[in-house]
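Scroll down for the structure; my scribbles are underneath it.
Convention: sequence-line order gives letters A, B, ...; per-chain numbering from 1. All heavy atoms count here, side chains included; hydrogens, waters and symmetry mates do not.
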Number of protein chains: 2
Amino acid sequence: MGDEKTTFRDVKAELLRRITAQLWAPGALVPGEVDLATEFGVARATVNRAMRELTEEGLLERRRKAGTRVRPSPLRAARFEIPLVRAEIEAGGRAYGYRLIGRAVMAAPGWLAARLSLAPGTRVVHLTCLHSADGAPYQFEDRWISLAALPGAGAEGFETIGPNEWLIRAVPFSEVEISFLATAAAGEVAAALGYGEGEPVFTAERTTWWQGQAITHVRLSFARGHRMTTRY
Amino acid sequence: MGDEKTTFRDVKAELLRRITAQLWAPGALVPGEVDLATEFGVARATVNRAMRELTEEGLLERRRKAGTRVRPSPLRAARFEIPLVRAEIEAGGRAYGYRLIGRAVMAAPGWLAARLSLAPGTRVVHLTCLHSADGAPYQFEDRWISLAALPGAGAEGFETIGPNEWLIRAVPFSEVEISFLATAAAGEVAAALGYGEGEPVFTAERTTWWQGQAITHVRLSFARGHRMTTRY
DNA sequence: GGGCTGGTTATGGTCAGACAAATAGGCGGG
DNA sequence: CCCGCCTATTTGTCTGACCATAACCAGCCC
């Protein structure tokens with residue numbers, strides 16, 4: 001009794017233990033899959049899966065023939081989930097609010113055309129809006145949508161539906177570049193979020209492509225005290 | 001000739017194509033593993049791996065007996081690699097510089113003891129230092145190390161080796177919570193990085209544990225214009 | 001000595017078959 | 001009508017065998 005199956009999870013946990021306890025020093029070569037399979041009494045595929053996952057997590061380094069070694073300085077990557085504002089707010093049990101501040105159709109300004117590789121004179125929709133949580137300003141959104149890529153955006157008023165939710169439905173699977181930075185509050189941003197001029201604002205910029213074509217660029221300014229947090 | 005093996009990569013690519021081309025609508029049930037295995041002429045394990053990876057990437061949702069469906073709104077997560085400052089600077093082909101500004105041993109202040117769950121009166125090392133790239137200030141580091149967890153930090157002067165590099169060697173595998181935020185430049189930070197008082201500063205805060213015990217807390221302030229960028 | 005070549009070996013991946021675990025949805029009892 | 005049990009179905013995982021691919025290294029030729 002009690003001798004249950006050893007799963008790849010068990011193997012992974014034990015390998016992780018040996019790595020963190022430094023039984024296997026950083027940079028050291030660890031036993032081959034076959035040896036470990038014998039030791040744990042499992043198939044090689046099982047050891048393989050355990051080691052593959054540890055490699056994905058940045059703890060091991062593997063090369064054919066060269067074998068597997070413990071990463072000298074573990075390459076750690078933090079994962080941030082990028083939720084819809086609405087989902088983020090409602091997940092915290094607060095009421096989500098949306099208000100459109102401005103909407104205009106115009107030829108893309110130079111910096112935007114450059115950023116999105118748009119042909120000169122391409123028309124775009126420019127939107128500014130405010131997302132709030134329990135009535136308090138939460139995030140100011142300054143968005144540009146290329147009408148060349150999404151003609152439908154010209155017909156949508158965005159009075160009740162936020163541009164991000166509209167976009168998710170129009171283009172669900174896209175390629176994204178996102179940046180976080182600190183900016184100084186000014187003008188509309190300061191007014192909408194209640195900042196004094198020049199106050200530091202945590203800001204995200206996101207550009208989205210679909211099938212190689214630029215769709216939209218957005219600058220998101222967060223309310224005072226906002227943090228982007230994760231564990232790893 | 002020409003009929004090469006279909007790998008799990010091929011299957012994955014084709015499934016991805018069907019998802020992004022919306023042949024399978026968001027929320028729709030996709031065929032079961034057995035059906036797909038038949039269709040592609042591969043083993044079920046191969047389809048399984050393809051679908052498992054797509055699930056990890058947030059494109060599919062799987063439940064036993066209920067089957068696999070396309071995620072209604074794809075849950076996308078951005079990965080940020082968190083490199084050593086030195087590696088980050090040298091990767092850009094610039095010369096790395098390090099300077100210790102201040103070093104003191106003291107009883108942990110209240111906020112720190114609370115943050116790290118330290119017993120009252122626990123002694124800590126407080127370090128401030130500056131990392132530079134090609135001579136220009138790059139990052140100001142304000143670090144606290146618990147002597148309860150790492151007595152060795154009391155003996156190290158940190159004159160030539162940065163605390164992060166020292167710590168990586170002392171505690172290579174740790175649990176980390178990291179936050180990004182925007183702060184106002186003031187005092188030492190402003191002086192070291194050449195900011196005016198109150199200017200916005202992109203800041204990271206990181207707390208590190210090892211085996212459940214808090215090791216260190218650090219606030220990293222970046223030079224003007226710094227961005228944290230990634231694609232996904 | 002230097003460079004090419006092929007053998008050896010570790011990881012990468014596929015396969016077919018089997019069993020385990022979870023659970024949606026039907027069935028029966030109250 | 002509602003609730004709880006059963007079962008068929010679907011994904012999850014393991015096995016042991018096999019072939020593929022990369023690369024270290026020894027030995028050969030020049």
Side-chain angles (χ1 to χ4, degrees), chain A residues 1-16 18-19 23-72 74-75, chain B residues 1-19 24-72 74-75:
Chain A
M1 56 178 68
D3 56 332
E4 288 164 13
K5 263 276 176 75
T6 344
T7 74
F8 79 92
R9 267 172 243 280
D10 300 327
V11 177
K12 187 177 166 186
E14 172 60 15
L15 298 183
L16 185 59
R18 293 187 189 176
I19 294 167
L23 297 185
W24 293 334
L29 197 62
V30 315
E33 296 190 349
V34 207
D35 297 345
L36 289 172
T38 311
E39 181 195 335
F40 289 112
V42 299
R44 191 173 73 89
T46 305
V47 174
N48 182 280
R49 174 138 183 216
M51 292 181 102
R52 182 155 38 81
E53 292 199 354
L54 287 170
T55 306
E56 268 166 23
E57 288 163 27
L59 292 166
L60 293 176
E61 235 174 358
R62 321 190 70 190
R63 255 165 53 239
R64 281 183 187 172
K65 163 69 185 174
T68 302
R69 24 187 92 247
V70 181
R71 272 198 106 98
L75 170 62
Chain B
M1 60 185 68
D3 54 334
E4 290 163 12
K5 264 281 177 70
T6 0
T7 73
F8 81 92
R9 269 173 240 280
D10 300 327
V11 177
K12 186 177 167 186
E14 173 59 14
L15 298 184
L16 185 58
R17 193 188 67 76
R18 292 186 190 177
I19 295 168
W24 292 334
L29 196 63
V30 316
E33 296 190 348
V34 207
D35 297 346
L36 289 171
T38 311
E39 183 198 332
F40 290 114
V42 299
R44 189 171 76 89
T46 306
V47 174
N48 181 278
R49 173 137 185 213
M51 292 181 104
R52 182 156 36 81
E53 292 199 354
L54 287 170
T55 306
E56 269 167 22
E57 288 163 27
L59 292 166
L60 294 177
E61 239 174 355
R62 322 193 70 193
R63 253 166 50 240
R64 282 178 183 164
K65 164 71 183 175
T68 302
R69 20 187 95 247
V70 181
R71 270 199 106 97
L75 169 62

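The salt bridge (Lys or Arg N to Asp or Glu O under 4.0 Å) search around A/Arg69 returns none, not counting sequence neighbours. With sequence neighbours excluded, the residues satisfying side-chain contact (heavy atoms from CB on, under 4.5 Å) with A/Leu16 are A/Thr20, A/Leu54, A/Leu59. Residues passing the side chain to side chain donor-acceptor pair (under 3.5 Å) test with B/Arg64, sequence neighbours excluded: none.
With rounding to whole Å, A/Lys12 atom NZ is found 17 Å from D/dC14 atom C1'. When the C1' atom of D/dG12 is taken as reference, atom CG of A/Asp10 falls 15 Å away, rounded to whole Å. Atom-to-atom, CD of A/Glu53 to C1' of C/dT11 comes out at 17 Å; the value is rounded to the nearest Å. At whole-Å resolution of the value, CZ in A/Arg49 and C1' in D/dG12 are 8 Å apart. Atom pair A/Arg52:CZ and C/dT11:C1' shows a separation of 12 Å (rounding to whole Å applied).
Residues of residues 60-68 of chain A that place a heavy atom closer than 4.0 Å to DNA chain C, in numerical order, are A/Arg62, A/Arg63, A/Arg64, A/Lys65, A/Gly67, A/Thr68. Shown for residues 41-48 of chain B: residues whose heavy atoms fall under 4.0 angstrom of DNA chain D, namely B/Arg44, B/Asn48. In the region residues 25-36 of chain B, proximity to DNA chain C at under 4.0 angstrom, judged on heavy atoms, holds for none of the residues.
At a threshold of 4.0 Å, the pair B/Arg18-B/Glu39 counts as salt-bridged, since one of the basic side-chain nitrogens sits closer than that to a carboxylate oxygen.
To the nearest 0.5 Å, the span separating CG on A/Leu23 from CD on A/Glu14 amounts to 8.0 Å. If you take CD1 on B/Ile19 and NZ on B/Lys12, they are separated by 10.5 Å, rounding to the nearest 0.5 Å. Going from atom CZ of B/Arg49 over to atom CD of B/Glu33 covers 14.0 Å, rounded to the nearest 0.5 Å. The OG1 atom of A/Thr55 lies 9.0 Å from the CZ atom of A/Arg71; values are rounded to the nearest 0.5 Å.
Residues B/Val42 and B/Phe8 form no side-chain contact, since every pair of their non-hydrogen atoms from C-beta on lies 4.5 Å or further apart. Here the side chains of B/Leu60 and B/Val70 are in contact, with some heavy-atom distance below 4.5 Å.
Listed here is the closest heavy atom pair of A/Ala50 and A/Val11: CB-CG1, 3.8 Å.
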